Amino acid sequence: MKIISRNLTKDDYSDLKTTMIEAYRGIGGQYWREEKIDILLDKFPEGQLCVEVDGKVVACALSIVINYNKFGDEHTYQEVTGNYTFSTHNPKGDVLYGIEVFVHPEYRDMRLGRRLYDARKELCERLNLRSIVAGGRIPNYNQFSNDISPKEYIEKVKRREVYDSTLSFQLANDFHVRKVLKNYLPGDTESKDYATLLEWNNIYFQPDKKKTNASDSIIRIGVVQWQMRLFNDVQDFYDQVEFFVDAVSSYKADFILFPEFFNMPLLAEFNHLPEPQAIRELAGYTEQVRTKMQEFAISYNVNIVGGSMPLVEEERLYNAAYLYRRDGTSEEYRKIHITPNEVRHYGMVGGDEVAVFDTDCGKIGLVICYDVEFPELSRLLGKQGMEILFVPFLTDTQNGYMRVRNCAQARAIENECYVAISGCVGNLPKVENTDIHFAQSAVFTPSDFAFPTNAIKAEATPNTEMMLIADVDLVQLKELHEHGSVQIMKDRRTDLYDVTMKKKSRRVPKVSINHVDEVL
């Protein structure tokens, strides 16, 4: 599955029409005529957003910019759209007005509407508009209209005593109700001709600031310090993973990093077997976990990194971690440097692929635990343009942890990049060879004036389950490369030495994990 959020184009109309008919089948299968969509795209192309799944547009959000004082709170849909001509669009206006949002019914469990709302918010901030305003249907009100007023219904939805498919979603996305509108959208019998006037306030709005389309270089990273615990079954494990993904996504994070061997608690099921056999049985869960993690990445709109797991291929046992992009694609990385413990207890072997992965937030590298203690590996990634290095790890003792930490900090300095490390904490008494853990997860920076003096952006409390959120600025890396106090990547004496691959690395292809049943 491949998911792309982008601007709508005129070539998308066929898909758009089909999707809208299906979305509004319950109220007559209404849809916008092609000439209306063309007008919107001509007037305000950046305001027309869509989500494409496997090459087909399945969700859309349409909007214009208006001078809100011209309309005030008492207006109808027909008035604000200029009788559906969109002549009311004013590039010098102060409010982004939402005309339409719809999602094909077959894709409504993938949280595509949330992606569209997030994209609208980003557009509002980029254009330095005061707020987003929209009229919202209350389609479930018809079930309560004989007993309570629209205002009472809205209050019940706010208190979650009643669920409304539209209003509940809008409230969950930080919109508030300014007032109730009557006859806003004539013919909306499900809403009994009522609507909510909704608003999302742009807290970054600056009245005197010139509007700009400059992109944001700030990347938000969520790091999970994972508590080892026994689970009743694999569903309990998924629930714990989803808790962190949900929490991090609510902070609008771009990445979430899980530790090495975070699924080891599931090994308790096979504790009666010899260790080499037990770990191979655990590998039987890997494909299932991968599918679930990709579903989480899509539905929560966040890139998930790591969570390494045992992988068996052609009877060889690997330690593999994954990048699950929020667009539905994924990448695999196999730990290259295997510890003596992994060889002795499990019979693991190392991978041989070294590659930087492209994401919607820059180029990233991925290494697993012991790998970070070999500077040549990270240098190869740095030469390929790596901006953020993600390191899932698992260490039992504090001195083992310090090896990972100190080496990770060195990698950040010598490769002029950010490094995020994520580890497991706590005890797992019923699992052989994975009983105790120590970690202090962190995000490290290069060491120069633009960064913290200790080169630590954020760090967790040692040996405590928690979630770490940190913002990193990719522009600062570019400035460091060109104007830093020292310029390590530039000043290498490659006339005397260099780091090269002896074996040509085959680029791991993008993997699309198919959507299975319903996405949570």
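Just so we're clear, the structure is a prediction, and the values are computed from it rather than from any experiment.
Side-chain contact check for Y117 versus W200: every heavy-atom pair is 4.5 Å or farther apart. Residues F438 and P462 are in side-chain contact: their nearest non-hydrogen atoms beyond the backbone lie under 4.5 Å apart. Looking at heavy atoms from C-beta onward, F258 lies in side-chain contact with I256 at the 4.5 angstrom threshold. Using a 4.5 Å heavy-atom threshold, the side chains of R115 and I298 count as touching. Considering only heavy atoms from C-beta on, R137 stays 4.5 Å or farther from Y184 through its side chain. Residues E387 and I219 fail the side-chain proximity criterion, which asks for heavy atoms closer than 4.5 Å. Using a 4.5 Å heavy-atom threshold, the side chains of R130 and E199 count as touching. Contact annotation: the side chain of F261 never approaches that of W226 to less than 4.5 Å [non-hydrogen atoms, C-beta and beyond].
The aromatic rings of F255 and F390 lie tilted to each other, with the angle between the two planes from 30° to 60°. Relative orientation of the F270 and Y285 rings is tilted, given thresholds of 30° and 60° on the angle between their planes. Classification of the Y77-W32 ring pair by plane angle, with boundaries at 30° and 60°, yields tilted.
R326 and Y324 share no donor-acceptor pair across their side chains, judged by distance under 3.5 Å alone. No hydrogens or angles considered: nothing links the side chains of E22 and Y107 as a donor-acceptor pair under 3.5 Å. Side-chain contact annotation: Q240 with D236, donor-acceptor N/O pair under 3.5 Å absent. Using modelled atom types, one finds no donor on one side chain facing an acceptor on the other under 3.5 Å when comparing T18 with D15.
K2 has a carboxylate O that lies under 4.0 Å from a charged side-chain N of D327, or vice versa, which qualifies the two as a salt bridge. The residues R159 and E161 are annotated as salt-bridged, a charged nitrogen and a carboxylate oxygen being separated by less than 4.0 angstrom. A salt bridge is absent between D360 and R325: the closest approach of a Lys/Arg side-chain nitrogen to an acidic carboxylate oxygen does not fall below 4.0 angstrom. Electrostatic pairing of K10 and D42 counts as a salt bridge here, judged by a charged N lying under 4.0 Å from a carboxylate O.
Nearest heavy-atom pair across N142 and P139 is ND2-O, 2.6 Å. The shortest heavy-atom contact between S441 and L468 is O-CD2, 3.8 Å.
Test D164, D147, N140 against Y153 for side-chain hydrogen bond (donor to acceptor under 3.5 Å, both in side chains) and you get one pass: D164.
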Just do the salt bridge (Lys or Arg N to Asp or Glu O under 4.0 Å) check on E46 and R126 with the steps written out, would you?
CA-CA 11 Å; E46 60 266 51; R126 272 203 319 271; over 6 Å; no

Side chain to side chain contact (heavy atoms under 4.5 Å, CB included) between Y322 and Q294, worked out
CA-CA 10 Å; Y322 299 89; Q294 187 67 78; over 6 Å; no

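When the shell of 6.0 Å around NZ of K363 is examined, it contains 12 or fewer heavy atoms from other residues, nucleotides or ligands.
With hydrogens and angles ignored, the 3.5 Å screen pairs no side-chain donor or acceptor of E190 with any backbone N or O of Y141.
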